[in-house]
Every structure is written in structure tokens, then in C-alpha cells.
Amino acid sequence: MLLSSFDYHRPTSLDELFDLIGLIKSQNESFSLYGGGTDLIANLKLSGESPDNLISCSRIEGLAGVRHDPNNNSLFIGAMTRLADLCEDRQVIKKCPVIALTAKKIASPQIRFLATLGGNLLVNTRCVYFNQTELKRDSLGSCLKTGGGSCRLVKSADTCKARFVSDLAPVLILLGAKLHLKSADEERTLMLEEFYRPDGIQKNHLTLGEILSFIEIPLDQPPKILYEKLRVRDAVDFASLGVGVGWNGKKMSAALETILIGTDPAPVVARFYLKDFKDIKEMIEHASNQASALLSPLKQDFFPVGYRKKMARQLVEKMARELTGKP
Ligand SMILES: Cc1cc2nc3c(=O)[nH]c(=O)nc-3n(C[C@H](O)[C@H](O)[C@H](O)COP(=O)(O)OP(=O)(O)OC[C@H]3O[C@@H](n4cnc5c(N)ncnc54)[C@H](O)[C@@H]3O)c2cc1C
């Protein structure tokens with residue numbers, strides 16, 4: 001699984017990055033950005049193909065680290081902040097401890113030492129047919145993601161059914177995180193919740209040549225959040241099912257929110273308002289049933305489809321009870 005040859009670049013500023021991208025585009029060459037490379041390099045090795053240029057963002061000034069902005073009471077986390085640093089960061093632990101706790105559930109210490117927050121939010125979708133060596137893929141036959149005409153998991157599907165696996169996405173969506181995206185001629189912000197697409201190939205709304213620079217997290221009245229992960233081993237493994245639950249107990253607009261990953265091509269988001277139910281117990285029962293009903297797991301994981309649906313129901317119920325204090 002060797003990489004084919006490519007030119008390697010390490011710009012030190014955003015201006016340098018965008019000049020470089022402009023030059024590469026003008027030469028009709030391909031490129032990929034990378035943070036820690038823990039997902040990208042593995043995928044390139046499996047595919048047996050490399051872009052003409054790999055651009056590391058690790059030396060770009062100002063893209064790593066955590067800053068609290070007292071003016072709008074928000075936390076700004078640089079996309080190049082390593083997961084290992086997120087786990088230890090004092091401001092993160094104090095203001096949004098669930099981020100540090102969730103980052104600790106990703107991969108292994110060695111991987112977290114290289115992996116970045118930005119790379120995690122942009123991690124590739126996974127599938128039992130796609131995440132294989134080129135040799136094995138060839139023997140199995142092509143799929144939509146490898147340029148074939150049909151999805152091997154769901155023959156009738158017209159979009160890729162590879163599953164979304166970023167563990168930090170559910171937690172950051174629950175926190176109301178906003179992405180700061182920058183290209184040579186535009187700077188824009190987008191709610192993380194609106195960023196993903198239900199398609200394993202066109203995964204999100206990032207455009208070619210655009211970089212994720214910061215993640216902004218509002219700190220005024222954040223909901224209480226828990227995140228749990230179903231996986232075979234308690235380390236290294238990707239989520240077979242990831243469950244994020246948020247509870248905002250404000251009197252008039254109390255709401256429970258559930259975000260599920262690891263089964264579908266994008267996070268599965270649902271919101272339940274207490275005013276629509278007789279009491280909290282009824283709301284939790286409805287939310288847990290919905291968690292199971294809304295998921296579309298496919299036969300591409302160690303855990304059977306029915307088991308993952310059942311676990312979605314049970315985890316949401318357990319976590320919602322814990323958050324609302326209604327055992
Ligand atoms: C053994 C193993 C276990 C893993 N377990 C987990 C797990 O449990 N949970 C999980 O969520 N992930 C897991 N991962 C995947 C991966 O390690 C993490 O998601 C990691 O956070 C990716 O970050 P990175 O910086 O290495 O991303 P990279 O590999 O550098 O990049 C990933 C993608 O993001 C793009 N990108 C990166 N940064 C930027 C940016 N600033 N702007 C625009 N595009 C950008 C790249 O072009 C690429 O497409 C695992 C990986 C391995 C190898």
C-alpha cells in the first residue's frame with residue numbers, strides 16, 4: 001500500500017496557502033489539504049492513488065489553539081488544534097468539558113497526537129466495501145464511491161450510503177457550533193448542523209480550495225450534553241453507533257435533542273419540545289423510540305442492524321434520564 005508520488009507543501013500563512021492553491025489550479029493539477037493526515041493518508045493508501053499535491057496545514061499560523069472571546073462569550077477553537085491538546089486544554093475542560101471527554105474517545109493516544117479537530121469534522125465516510133485495499137475492492141467490484149454505477153450496499157440507491165463517523169460532530173452540533181470557512185476570495189460562516197449532506201461522497205458543503213479555519217462555540221446557556229459510543233473495543237475503533245443527547249431545561253422552551261452517527265451518511269438530528277408532551281417521561285419515551293426509528297443502519301458493521309437500532313433506543317433513554325434527572 002504505497003503512495004504514488006506527489007509534491008508536498010507546508011505553507012506558513014493563509015495568504016501563502018491561497019497563492020499556492022491558485023498556482024496549482026492554474027496548472028490543472030489536483031491537491032488535497034491535510035491536518036494530521038490520520039484519515040487522509042490511510043484513504044490514499046487504500047485507494048492506491050495520490051493527488052498531484054498534498055498541502056499540510058499544520059504550519060499555518062493562527063489555526064491552532066483555543067481562545068475565549070469575552071465580547072460575544074464564545075470559544076474559538078482553531079481547526080488545526082490537535083485532539084490530544086483538546087483533551088488537555090484548560091479552557092475547554094472548564095467551559096465545554098464534553099468536548100474534551102469526547103475527543104478522548106477518538107482512536108488512540110498516538111492518533112490523537114497527530115489528528116486535528118478540523119480533520120475530525122471532515123473525516124471521510126466509511127463503508128465495508130470502500131475501506132478496503134485496491135485489490136480487495138477490485139475483486140468485490142466497484143461502487144459509487146469508486147466510480148461505479150451502483151451502491152453495493154443498496155442496489156437501488158442513487159447516493160453513496162457510506163456512514164458518517166466523526167465523534168465530535170454530534171457534540172459540537174448540540175453546542176450550536178458555527179464553522180468559519182475561508183477561501184482566496186471569500187470568508188463565510190455556517191452552522192455545523194447545516195454543513196453535512198446525506199451523501200457519502202458529497203459529504204458536506206466545503207468547496208474546493210476552501211479551508212476550515214475556526215469552530216466557534218457560543219457559551220451563553222449551553223445545553224447539558226452527554227455522548228456515548230457503541231464500538232467493539234473501547235479504544236481505536238470507529239463508532240458503530242454514536243449517540244449525543246442534549247437537554248436544555250429552560251422553563252418555556254425546554255427541549256431534548258438527539259444526534260446519532262455511525263449508521264447513516266450524515267448525522268441524524270431530532271428535537272423534542274417538552275410543551276408537546278404530557279411530561280418528561282413521555283418525551284423521553286418518544287425520543288428514544290424515534291432514535292431507533294430514524295436510523296437506517298445497513299449490513300456493514302460488526303453489530304447487526306437490529307442491535308444498533310435497539311442500542312440507539314436504549315442509550316437515548318438512559319442518557320436523557322440522566323440529563324433530566326428523571327430516573
Ligand atoms: C485506527 C484509526 C482509528 C480512528 N478512530 C476514530 C474514531 O474513533 N473516531 C473518529 O471520529 N475518527 C477516527 N479516526 C479518523 C481520524 O483519525 C480522526 O477523525 C481525525 O480527527 C482526523 O483528523 P486529521 O487531522 O488526521 O484529518 P486528515 O486526515 O488530515 O484530514 C481528513 C479530511 O479533512 C480534510 N481537512 C483536514 N483539515 C482541514 C481543514 N482545516 N480545512 C479543510 N479541509 C481539511 C482533509 O483534506 C481530509 O479530507 C481513526 C483513524 C484511524 C487511523
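Whatever order the structure lists them in is the order used to number ligands and atoms, beginning at 1.
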- Going by the side chain to side chain contact (heavy atoms under 4.5 Å, CB included) test, name the single residue among D301, L153, T263, L241 that passes it with R163. D301
- Message: Between D167 and T102, is there a side-chain donor-acceptor contact under 3.5 Å, judged purely by atom types and distance?
- Response: no
- Message: Please list the nearest protein heavy atom to atom 50 (C) of ligand 1 with its residue and the distance rounded to 0.1 Å.
- Response: F238 CZ, 3.2 Å
- No-hydrogen, no-angle side-chain donor-acceptor test under 3.5 Å, R197 and N204: no
- Task: Identify, by atom number and element, the atoms of ligand 1 in contact range of S166, meaning under 4.0 Å from any of its heavy atoms.
- Result: 11 (O)
- Do E322 side-chain atoms and K318 backbone N/O form a donor-acceptor pair below 3.5 Å? no
- Item | atom 47 (O) of ligand 1: nearest protein contact (heavy atom, Å) | L33 O, 2.5 Å
- Message: Below 3.5 Å, N or O to N or O, backbone or side chain included: is there any such pair between S32 and ligand 1?
- Response: no
- Item | A79 N/O under 3.5 Å from ligand 1 N/O | no
- Query: N/O of A115 under 3.5 Å from N/O of ligand 1, yes or no?
  - Reply: no
- Message: For atom 27 (O) of ligand 1, what's the nearest protein heavy-atom neighbour? Residue, atom name and distance, please.
- Response: G119 CA, 3.3 Å
- Item | Numbering as shown, the atoms of ligand 1 that approach V165 to under 4.0 Å (heavy-atom distance) | 10 (C), 11 (O)
- Query: Hey, does D167 come in under 3.5 Å of ligand 1, counting only N/O atoms on both sides?
  - Reply: yes
- Message: Counting non-hydrogen protein atoms only, what is the nearest one to atom 45 (C) of ligand 1? Give residue, atom name and distance.
- Response: L122 CD1, 3.3 Å
- Ranking G209, A107, G118 by closest non-hydrogen atom to atom 4 (C) of ligand 1, top hit is A107
- Message: With heavy-atom distances below 4.0 Å as the criterion, list the atoms of ligand 1 near K229.
- Response: 7 (C), 8 (O), 9 (N)
- Query: Going by the angle between their ring planes, with limits at 30° and 60°, are F277 and H286 parallel, tilted or perpendicular?
  - Reply: tilted
- Item | Close N or O approach (G36, ligand 1; < 3.5 Å) | yes
- Identify whether NZ of Lys or CZ of Arg in R231 sits under 6.0 Å from the centre of the six-membered ring of F238 and within 45° of that ring's axis. no
- Task: Check L75 against C96 and note the closest heavy-atom contact, atom names and distance.
- Result: CD2-SG, 4.3 Å
- Shared hydrophobic cluster, F164 / L206 (ILVMFWY, side-chain heavy atoms < 4.5 Å): yes
- Task: Examine ligand 1 and decide if any of its atoms is less than 4.0 Å from a heavy atom belonging to D237.
- Result: yes
- N or O contact, V236 vs ligand 1, cut-off under 3.5 Å: yes
- Are any of the N or O atoms of Y34 closer than 3.5 Å to those of ligand 1? no
- D39-ligand 1 polar pair, N/O distance under 3.5 Å: yes
- Message: Between Y196 and H205, does the ring-ring contact (aromatic ring centres under 6.0 Å, His included) criterion hold? Intermediate values first, please.
- Response: CA-CA 7 Å; Y196 296 112; H205 291 281; 9.1 Å; no
- Item | For L83, the ligand 1 atoms whose distance to one of its heavy atoms is below 4.0 Å | 21 (O)
- Polar contact flag, side-chain donor to acceptor under 3.5 angstrom, H180-E216: yes
- May I ask which of T116, N204, L179 has a heavy atom nearer to atom 25 (O) of ligand 1 than the others do? T116
- Item | salt_bridge(E317, R321) N-O dist < 4.0 Å | yes
- Can you tell me which residue and heavy atom of the protein come closest to atom 17 (O) of ligand 1, and the distance to 0.1 Å? T38 OG1, 2.7 Å
- Item | Option whose closest heavy atom lies nearest to atom 10 (C) of ligand 1, chosen from N120, L206, V123 | N120
- Query: Any chance the side chains of E210 and T207 put a donor and an acceptor closer than 3.5 Å?
  - Reply: yes
- Item | N or O pair under 3.5 Å between C57 and ligand 1 | no
- Message: Hydrophobic clustering (ILVMFWY, side-chain heavy atoms < 4.5 Å, transitive) - are L121 and V123 grouped together?
- Response: no
- Query: Would you call E193-R271 a salt bridge at under 4.0 Å N-O?
  - Reply: yes
- Item | Nearest-neighbour protein heavy atom for atom 42 (N) of ligand 1, which is reported as residue plus atom name and distance | L212 N, 3.0 Å
- Query: Regarding D220 and N73, is there a side-chain donor-to-acceptor distance under 3.5 Å anywhere?
  - Reply: yes
- Note on the structure: In this structure, atom 28 (P) of ligand 1 is nearest to the protein heavy atom G37 N, 3.6 Å
- Task: Would you kindly specify which portion of I111 sits under 4.0 Å from ligand 1, judged on non-hydrogen atoms: side chain, backbone, both or neither?
- Result: side chain
- Which protein heavy atom lies closest to atom 48 (C) of ligand 1, and at what distance to 0.1 Å? L40 CD1, 4.0 Å
